[in-house]
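So the structure is just underneath, and the comments pick up after that.
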Amino acid sequence: MSLLPSDPAAGRITPESGSNVCLPEHCFHAFDALYCALTKVQPIDPEFSNEKYPLFVTWNTRSSRSGRTPRLRGCIGSFEALPLWDGVAEYALISAFKDSRFRKIDKSELESLECCVSLLTDFEDASTYLDWTIGVHGIQITFPHPSLLPSNSTSEAPSPLSSSPYLPRLMHKQNFSATYLPDVIPEQGWDKIEAIDSAINKAGWTGRITEDLRRSIKLRRYQSKTCTVGWDEYVQWRESHS
């Protein structure tokens with residue numbers, strides 16, 4: 001595949017937040033890992049700092065029609081702080097090839113892709129499942145199998161009170177977990193209850209969602225610093241480093 005940009009005017013580099021933390025070079029490194037995996041060419045050594053961060057790599061497919069929102073193509077990350085050189089490259093490939101929601105990305109798709117790298121910061125344990133701010137925080141939830149919840153409450157109205165301290169000790173296989181990055185919830189237009197219920201479903205629970213289930217959630221909130229780069233910018237970067 002030629003590395004020449006298909007349309008130099010169509011690309012973009014977007015340092016969406018925390019531009020001094022998450023850099024276009026992180027996205028270039030992710031793109032390079034994917035391009036080299038699909039073409040067997042040699043990667044370019046990273047030049048950015050090898051600091052450690054929890055991170056996510058997101059692949060989106062851009063529409064050929066102007067003004068259309070890019071479509072998610074893969075997104076996986078790690079809440080463990082990883083060295084950026086290896087972590088970005090590793091999760092670029094995991095997101096591209098191992099996101100079970102999608103087929104593997106192939107070489108023919110490269111020119112339509114954009115990459116977003118998210119470096120996660122400011123982790124805090126929330127006091128309740130509602131103790132976070134839409135548009136500021138991502139959420140990471142864990143909760144036990146609902147069959148193990150105490151049965152002494154019948155409340156169905158949303159409540160910020162937490163019943164987490166009263167849960168029995170559980171084995172790992174009896175827990176559910178899911179996360180949404182900070183930008184997902186405002187993009188979907190959800191309020192807090194809708195976001196929590198969606199995350200419960202995302203975690204794998206398909207049964208009835210009760211207020212007791214919501215109150216059993218242990219929630220960690222976090223923020224992210226992100227940058228998005230398109231294929232054409234990556235091409236220009238690689239050509240300038242060849």
Would you say [X] and [Y] make side-chain contact, with heavy atoms under 4.5 Å?
{"X": "Y234", "Y": "L110", "answer": "no"}
{"X": "T226", "Y": "T58", "answer": "no"}
{"X": "Y222", "Y": "F79", "answer": "yes"}
{"X": "C115", "Y": "V57", "answer": "yes"}
{"X": "S112", "Y": "R71", "answer": "no"}
{"X": "R73", "Y": "E109", "answer": "yes"}
{"X": "I217", "Y": "I200", "answer": "yes"}
{"X": "P83", "Y": "K52", "answer": "yes"}

Mind checking whether [X] and [Y] have parallel, tilted or perpendicular rings, split at 30° and 60°?
{"X": "F48", "Y": "H29", "result": "perpendicular"}
{"X": "F143", "Y": "F176", "result": "parallel"}
{"X": "W231", "Y": "Y35", "result": "tilted"}

For the pair L219 and I196, evaluate side chain to side chain contact (heavy atoms under 4.5 Å, CB included) and give the outcome as yes or no after the intermediate values.
CA-CA 10 Å; L219 185 145; I196 290 294; 3.8 Å; yes
Looking at every heavy atom in both [X] and [Y], which two are closest together, and how far apart are they?
{"X": "C22", "Y": "K225", "result": "CB-O, 3.4 Å"}
{"X": "L55", "Y": "Y91", "result": "CD1-CB, 4.0 Å"}
{"X": "S118", "Y": "S224", "result": "CB-CB, 4.4 Å"}
{"X": "L119", "Y": "V21", "result": "CD1-O, 3.6 Å"}
{"X": "S216", "Y": "P144", "result": "OG-CD, 3.6 Å"}
{"X": "G138", "Y": "P182", "result": "N-CG, 3.3 Å"}

Distance, nearest 0.5 Å, that separates [atom1] of [X] from [atom2] of [Y]:
{"X": "W132", "Y": "E124", "atom1": "CH2", "atom2": "CD", "answer": "14.0 Å"}
{"X": "E111", "Y": "S64", "atom1": "CD", "atom2": "OG", "answer": "13.0 Å"}
{"X": "L120", "Y": "T179", "atom1": "CG", "atom2": "OG1", "answer": "7.5 Å"}
{"X": "F56", "Y": "S95", "atom1": "CZ", "atom2": "OG", "answer": "8.5 Å"}
{"X": "R62", "Y": "T69", "atom1": "CZ", "atom2": "OG1", "answer": "12.5 Å"}
{"X": "C27", "Y": "E233", "atom1": "SG", "atom2": "CD", "answer": "10.5 Å"}

hydrophobic_cluster_shared for [Y] and [X], side chain cutoff 4.5 Å:
{"X": "I105", "Y": "L72", "result": "no"}
{"X": "V136", "Y": "Y129", "result": "no"}
{"X": "V41", "Y": "L113", "result": "yes"}

Say whether, by atom type as modelled, one donor and one acceptor occur between the side chain of [X] and the main chain of [Y] under 3.5 angstrom.
{"X": "D32", "Y": "P43", "value": "no"}
{"X": "D191", "Y": "A195", "value": "no"}
{"X": "S242", "Y": "R238", "value": "yes"}
{"X": "K98", "Y": "L93", "value": "no"}
{"X": "K218", "Y": "D125", "value": "no"}

Distance only, no hydrogens: is a donor on one side chain within 3.5 Å (strictly under) of an acceptor on the other, for D212 and T210?
no
Trace of the ring-ring contact (aromatic ring centres under 6.0 Å, His included) decision for W59 with F102
CA-CA 11 Å; W59 296 105; F102 307 98; over 10 Å; no
Please report the C-alpha distance between C75 and R101 in whole Å, then the side-chain angles of each, then the deciding distance to 0.1 Å, and finally whether the side chain to side chain contact (heavy atoms under 4.5 Å, CB included) criterion is met.
CA-CA 9 Å; C75 179; R101 298 170 293 179; 4.0 Å; yes
Run the side chain to side chain contact (heavy atoms under 4.5 Å, CB included) test on C227 and V117 for me, step by step, so that the C-alpha distance in whole Å, both residues' side-chain angles and the decisive distance to 0.1 Å come before the verdict.
CA-CA 6 Å; C227 189; V117 173; 5.7 Å; no
Checking Q223 against H137 for the side chain to side chain contact (heavy atoms under 4.5 Å, CB included) test, could you report, in this order, the C-alpha distance in whole Å, the side-chain angles of both residues, the deciding distance, and whether it holds?
CA-CA 5 Å; Q223 299 181 44; H137 296 116; 3.9 Å; yes
Starting from the C-alpha separation in whole Å, work towards a yes-or-no answer on salt bridge (Lys or Arg N to Asp or Glu O under 4.0 Å) for R214 and D197.
CA-CA 8 Å; R214 295 188 190 105; D197 288 357; 2.9 Å; yes
Answer yes or no: are there more than 12 heavy-atom neighbours, outside R68 itself, under 6.0 Å from its atom CZ?
no
